[in-house]
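Computed from a prediction, not measured in an experiment: that's the story for all the values here.
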Amino acid sequence: MILLIIASGLKVLLARKLALKTDKLFFTVALISLATVALFGFIYATLYFGYVPAIPSGHVWWFLLAEGLMIPMYWLAEYKLIQRLGASNAITINSTSIFMAALTGIIFLNESISWRFALATLFFVLSIVTIRNIAPDTKTVKVKFGVGTISLVIFMGLMFAGGIFFEKLAINTIGVWNYAAYGWTMQFLGASMLMLMFGRREIGHASPVLIRKVVLLGFVTSIAGGLFIYGLSIGSLSHTVIATIGKIAFTILLAAIFLGERNAMKLRITSFILAAIGVYLLVS
């Protein structure tokens, strides 16, 4: 879990640095990143088994198709949110997606719920309200947390919750490393479909330097994703996703050091404390 928190924090940091350099290659970034993730999924699976994993069969393909479309759409929404609000704000607001995924596990997988879960929800809401109008950094004009951003957060949460739900079902069916190979490949195919539908005008505009940076982002994402699906394979959906909120603190620290996101630090710290209380209520 510590390694997952570190890898997740680095992923958000790299995504923010990339988003600051370009805002015209939205679907291209997702496509290249998820292609890298899919490649390393096969590498991890082959290293684990000692051979290329067999192609799965049966009803698991319905799970793979669903998560293969939902998770790329979540990835795109998260990247846009990081681009719009900054790394610290986006990672804190992402606790909404994590909560929605945990709620999905509780409702559809019969995972336990208690009064602590309801109280934790209140703290997550307060955490988001605290930072709703903080600018991404000291150089950016103050950003209003308007209808568009709220809609993006809700959409991101729905895609994450649905994607992780089907991811959990697929992992339970074919195992974690088979899923890394073929589940991540389906995400790449989902990103390819979105690219063909909405991002064709971006083709040909990516420079070699940008591609190398996106590949690095994909590699770090594959590490964070590998650690996450391993945790998902040995634990419940709700507890695994809730535990990842610990990445908020590490991301805020990295963003303050490397991205200059030091404005309104009192509000950022307050928001983190509120989210941390929510985590404590859920896992204690």
Side-chain angles (χ1 to χ4, degrees), residues 1 4 7-8 11 30 33-35 37-46 48-49 52-78 94-114 117 121 154-194 221-245 247 282-283:
M1 190 56 63
L4 172 58
S8 299
K11 185 197 82 170
S33 179
L34 290 175
V37 170
L39 172 62
F40 277 97
F42 266 97
I43 292 174
Y44 299 153
T46 302
Y48 178 80
F49 291 118
V52 176
I55 298 175
S57 60
H59 68 279
V60 71
W61 280 105
W62 293 110
F63 305 151
L64 295 175
L65 286 170
E67 63 83 24
L69 185 59
M70 287 182 170
I71 291 181
M73 288 195 289
Y74 158 75
W75 197 101
L76 287 165
E78 182 189 44
N94 195 42
S95 62
T96 304
S97 300
I98 294 171
F99 166 74
M100 292 174 70
L103 188 62
T104 300
I106 289 169
I107 294 174
F108 295 104
L109 299 177
N110 296 319
E111 297 175 357
S112 61
I113 188 173
S114 67
F117 192 89
T121 304
I154 294 173
F155 176 78
M156 182 176 68
L158 290 173
M159 291 302 99
F160 182 74
I164 297 303
F165 172 71
F166 287 110
E167 189 171 62
K168 173 66 172 175
L169 294 179
I171 290 171
N172 288 348
T173 304
I174 61 175
V176 61
W177 300 116
N178 273 316
Y179 174 80
Y182 294 101
W184 289 357
T185 298
M186 292 305 298
Q187 292 176 29
F188 164 64
L189 294 177
S192 299
M193 185 183 71
L194 293 172
T221 301
S222 75
I223 295 174
L227 292 166
F228 177 79
I229 62 174
Y230 177 72
L232 199 60
S233 70
I234 61 176
S236 68
L237 187 154
S238 59
H239 283 80
T240 302
V241 296
I242 287 299
T244 63
I245 296 183
K247 66 187 178 184
L282 286 170
V283 302

Checklist entry - Atom CG in Leu34, atom OG1 in Thr185: separation rounded to 0.5 Å? => result 10.5 Å
Checklist entry - Closest approach of Asn178 and Ala54, non-hydrogen atoms and distance? => result OD1-O, 4.0 Å
Checklist outcome for this item: For Trp177 and Ala45, the nearest pair of non-hydrogen atoms, with its separation, is O-CB, 3.3 Å
Checklist outcome for this item: Applying side chain to side chain contact (heavy atoms under 4.5 Å, CB included) to Ala35 and not counting sequence neighbours gives Phe188
Output a table of donor-acceptor pairs, distance under 3.5 Å, between side-chain atoms of residues 156-171 and any protein atom two or more places apart or on a different chain; print 'none' if there are none.
{"from": "Glu167", "atom 1": "OE2", "to": "Tyr179", "atom 2": "OH", "distance (Å)": "2.7"}
{"from": "Lys168", "atom 1": "NZ", "to": "Leu232", "atom 2": "O", "distance (Å)": "2.7"}
{"from": "Lys168", "atom 1": "NZ", "to": "Gly235", "atom 2": "O", "distance (Å)": "2.8"}

Next on the checklist: Show the nearest heavy-atom pair for residues Ala30 and Trp75, with the distance to one decimal.
Outcome noted: CA-CZ3, 3.6 Å
Item to check | Residues forming a salt bridge (Lys or Arg N to Asp or Glu O under 4.0 Å) with Glu78, sequence neighbours excluded | outcome: Lys11
Checklist entry - For Ser222, which residues count as a side chain to side chain contact (heavy atoms under 4.5 Å, CB included) partner, sequence neighbours excluded? => result Val37, Phe40, Tyr44, Trp184, Phe219
Checklist entry - Shortest non-hydrogen contact from Leu4 to Ala224? => result CD1-O, 3.2 Å
Checklist outcome for this item: Output for pair (Ile71 CD1, Gln187 CD), nearest 0.5 Å, gives 4.0 Å
Next on the checklist: Is it true that, when you exclude Ile234 itself, more than 12 heavy atoms of the residues, nucleotides or ligands shown sit nearer than 6.0 Å to its CD1?
Outcome noted: yes
Next on the checklist: Under the rule for ring pair (Phe, Tyr, Trp, His ring centres under 6.0 Å), what residues qualify as partners of Tyr230, not counting sequence neighbours?
Outcome noted: none
Checklist entry - Rounded to the nearest 0.5 Å, how far does CG of Leu103 lie from CZ of Phe108? => result 8.5 Å
Checklist entry - So, for Val176 and Ser233, which heavy atoms are closest and what is the spacing to 0.1 Å? => result CB-CB, 3.9 Å
Checklist entry - With Phe42, which residues qualify under ring pair (Phe, Tyr, Trp, His ring centres under 6.0 Å), at least two apart? => result Tyr182
Next on the checklist: Under the rule for ring pair (Phe, Tyr, Trp, His ring centres under 6.0 Å), what residues qualify as partners of Phe63, not counting sequence neighbours?
Outcome noted: His59
Next on the checklist: Contact between Trp61 and Ile174 at the side-chain level, heavy atoms closer than 4.5 Å - yes or no?
Outcome noted: no
Checklist outcome for this item: Heavy-atom closest pair (Met100 atom, Ile154 atom, distance to 0.1 Å) is CE-O, 4.3 Å
Checklist entry - For Ser8, which residues count as a side-chain hydrogen bond (donor to acceptor under 3.5 Å, both in side chains) partner, sequence neighbours excluded? => result none
